[in-house]
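Everything below concerns the one structure shown next.
In the text below, chain A, chain B and the rest are named by the order of the sequence lines, each starting its count at 1.
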Amino acid sequence: MSLLAPVSKKWLEAVDKRKPMGDASGHSSEVPCDASLFISHAAKVFNISRYDAYTNPELGVKITLAANELYGLDAFCGWGHAVLFVDDYGGKIKWPTGWTDAPYVEEYLLKTPEDIEKLEVKDVDELSKGPTYAKLWKALETAEKLLGRFFTPWSLVHSPYDCARNFLGDDKLLRWTVKEPKLIHTLLKKCLEHDVNVVAAVLRKYGRCSIETGSVFANSELLSPKHCREFNIIYLKEMLKRVLTAGAGPGIFIHLCGDHSLDWRLHKDVQVTPQTTMHVANDGREPMDLTEVIKVFGKKCVIRGNVSTNLMLHGTPKEVYEEAKRQILAYQNSPRGFVLGLSCELPGDTPPVNVHALVKATRDLGSIGSAKNLR
Amino acid sequence: MDCKKKLTFGDIMSISKEAVLDGLRKAVIEGDADSCKVLAERAIKVKIDAYRALMSCIDGMTVVGEKFNKKEYFVPELLLSADATYAAMDILIPNLNVEKSPESELGKVVIGVVEGDIHDIGKNLLKALLEISSFKVFDLGKNVPLRMFTNKTKETNANIIALSTLMSTTLPGIKIVIDNLKDEGIRDKVKVIIGGASTSKIFAEKIGADAWAENAFEGFKEIRRILGKEGKKLEFISSGQ
């Protein structure tokens, strides 16, 4: 599909230059601005349907790249969604039909405790040839073609608890976490093996890959800290340890989606690299104060900002600019770097002027060198 | 909540009326649907008034709500307690000494997760609390086309619409529902309450909703408040008490 104007090499180089390397000496002199989790807004920018953006990975990669360039954001491109690999195992995905929805599981694979016992984890070969990788390979190949030397293959891997949610469904997973813990541990062990194989597939093809993962369904609004630790953190930790040992990384994005007021500190047990970006979204309904997050993680890895997506959608450019400014000034001296970001996915209907205001704030204020001089 | 500490059938069959009522309350708190079912059957067998037995379950849910507010309980515990209450209700409601009449209902609620979102845990909890408390609930489910809210409200003469969404991407849909109510000329006949992780009091005020709630328990309280039922006794039956 002839869609894109040539991508500016100058922009690609600038993004690459601003990329935080997790180096305490500071690779970049500017705070980058990354609003990844971007595909629905990119679809809106191009006036194409979400259905096309999610079911056509080549298109998804192209529109995210072009929209990032349009705004001057510090991210390249991506493609993925929250219910990957469901159809590989026989579950059914409902693809979006409107302007606001995202892919979701229409029919869960697992319905009974016996289904969990019988579930067989697919090996790397099977996954590589399955429906999800059929799309992911197209996304990765398109990105490689467009980005050249700036390309880094990625592997979007749901935490074992999030994977279990996609296979079993919200209601059963939550009830059985309390009522049938042994059964859920059986499922989580299988999801862990699945996750390791998901990453191994990209490593086998490319020899390297960054990791995008996090804690989405295991959060403080739904689960107690005790359950978050027992059913999420332990498995997330083991998954990251194994994929890093296998050769993935060093780039890791850990997205703590939603309210993590009571469990974000538990993630300190999870292995990170200096190039990891730790992203803690909310404390209740409000963006998490990252001062404490920086104390716990700042010396280990890069910290991502969390400008509210509600503000992006409903606020004025001035309000967005002021919040971006507040976060930049408060957090830009995090020891291994700070990236201005959003609390979650940029809503499709976000006014473009608000994205512009976000980026403008980083360019106006996000010079780490000048902030150091001010101290 | 420890689901292993269940009462045995023998325990339940040998206990007194007061202990049955206390057992129901505790079984709800423990989220023990099996014990709730057996205790409810026992209650009917030993001629405990079904209304009293139901009130014990609701007392249990009140404790569950308090534990939730104190962050001693989280969503799985709430779901199990709601399941336990439903298990008792299935036995007890057919045994209420007067048929439920429309007048005994506290209100009619059209409830659903707006189009574009499929996260329905909070919606399901609120539905459970409302049904347990004698509201008539019309559950439209999740990812509900926006027009369905107005259509169902007109069809059922509901006096409450409860809209939920977790995702900020779907927030504009809530405002469209309110606009649709105005277009249909029924905005003043129905109260609109909104909730879900991406919503806020400020957003609710901005779009002209009547109430906002942070979670299902608060939603339940708010619905009673805006209907002027706050503090009033629940009305499962109209006489015999």
Query raised in the report: Does atom OH of Tyr86(B) have more than 12 heavy-atom neighbours from other groups under 6.0 Å away?
Result: yes

**Report entry** Contact check, side chains of Phe74(B) and Asn219(A), non-hydrogen atoms, under 4.5 Å
**Finding:** no

Query - Qualifying salt bridge (Lys or Arg N to Asp or Glu O under 4.0 Å) pairs with a residue from residues 163-177 of chain A, counting only residues at least two apart or across chains - result: Arg165(A)-Asp170(A), Arg175(A)-Asp83(B)

Query raised in the report: Of all heavy-atom pairs between His227(A) and Glu77(B), which one has the smallest distance, and what is that distance?
Result: CE1-OE2, 3.7 Å

Query - pair Leu223(A)-Val75(B): side-chain heavy atoms closer than 4.5 Å - result: no

Query - Choice from Gly173(B), Ser200(B), Ala197(B) maximising heavy atom contacts with chain A below 4.5 Å - result: Ala197(B)

Query raised in the report: For residues 216-227 of chain A, which residue pairs qualify under salt bridge (Lys or Arg N to Asp or Glu O under 4.0 Å), counting only residues two or more places apart or in two chains?
Result: Glu221(A)-Arg285(A)

Query - Lys44(A) atom NZ, over 12 foreign heavy atoms within 6.0 Å - result: yes

**Report entry** Atom group of Thr177(A) that falls short of 4.5 Å from chain B, counting heavy atoms
**Finding:** neither

Query raised in the report: Just how far is it from atom SG of Cys257(A) to atom CG of Leu166(B), taken to the nearest 0.5 Å?
Result: 7.5 Å

Query raised in the report: More than 12 non-hydrogen atoms from neighbouring residues, nucleotides or ligands closer than 6.0 Å to NZ on Lys142(B), yes or no?
Result: yes

Query - Rounded distance [0.5 Å steps], CZ in Phe217(A) versus CD1 in Ile121(B) - result: 4.0 Å

**Report entry** Pro347(A) and Leu171(B), any side-chain heavy atoms less than 4.5 Å apart
**Finding:** no

Query raised in the report: For Leu262(A), is it the side chain, the backbone, both, or neither that has a heavy atom closer than 4.5 Å to a heavy atom of chain B?
Result: side chain

Query raised in the report: Where do Asn310(A) and Ser198(B) come nearest, in terms of heavy atoms and distance?
Result: ND2-O, 2.6 Å

**Report entry** Top contributor to chain A interface from Lys71(B), Glu214(B), Glu115(B) [non-hydrogen pairs under 4.5 Å]
**Finding:** Glu214(B)

Query - Ser220(A), part contacting chain B, at a heavy-atom distance under 4.5 Å - result: backbone

Query raised in the report: Between Asp117(B), Thr170(B), Ile118(B), which has the largest tally of heavy atom pairs under 4.5 Å with chain A?
Result: Ile118(B)

Query raised in the report: For atom CD of Glu286(A), is the number of surrounding heavy atoms from other residues, nucleotides or ligands below 6.0 Å larger than 12?
Result: no

Query raised in the report: Would the number of heavy atoms belonging to other residues, nucleotides or ligands and lying under 6.0 Å from NZ of Lys111(A) be above 12?
Result: yes

Requested in this report: Count the heavy atoms of every other residue, nucleotide or ligand shown that sit under 6.0 Å from CZ of Arg187(B), and state whether that count exceeds 12.
Outcome: yes

Query raised in the report: Relative to chain B, which of Leu222(A), Asn282(A), Thr309(A) shows the most heavy atom pairs under 4.5 Å?
Result: Leu222(A)

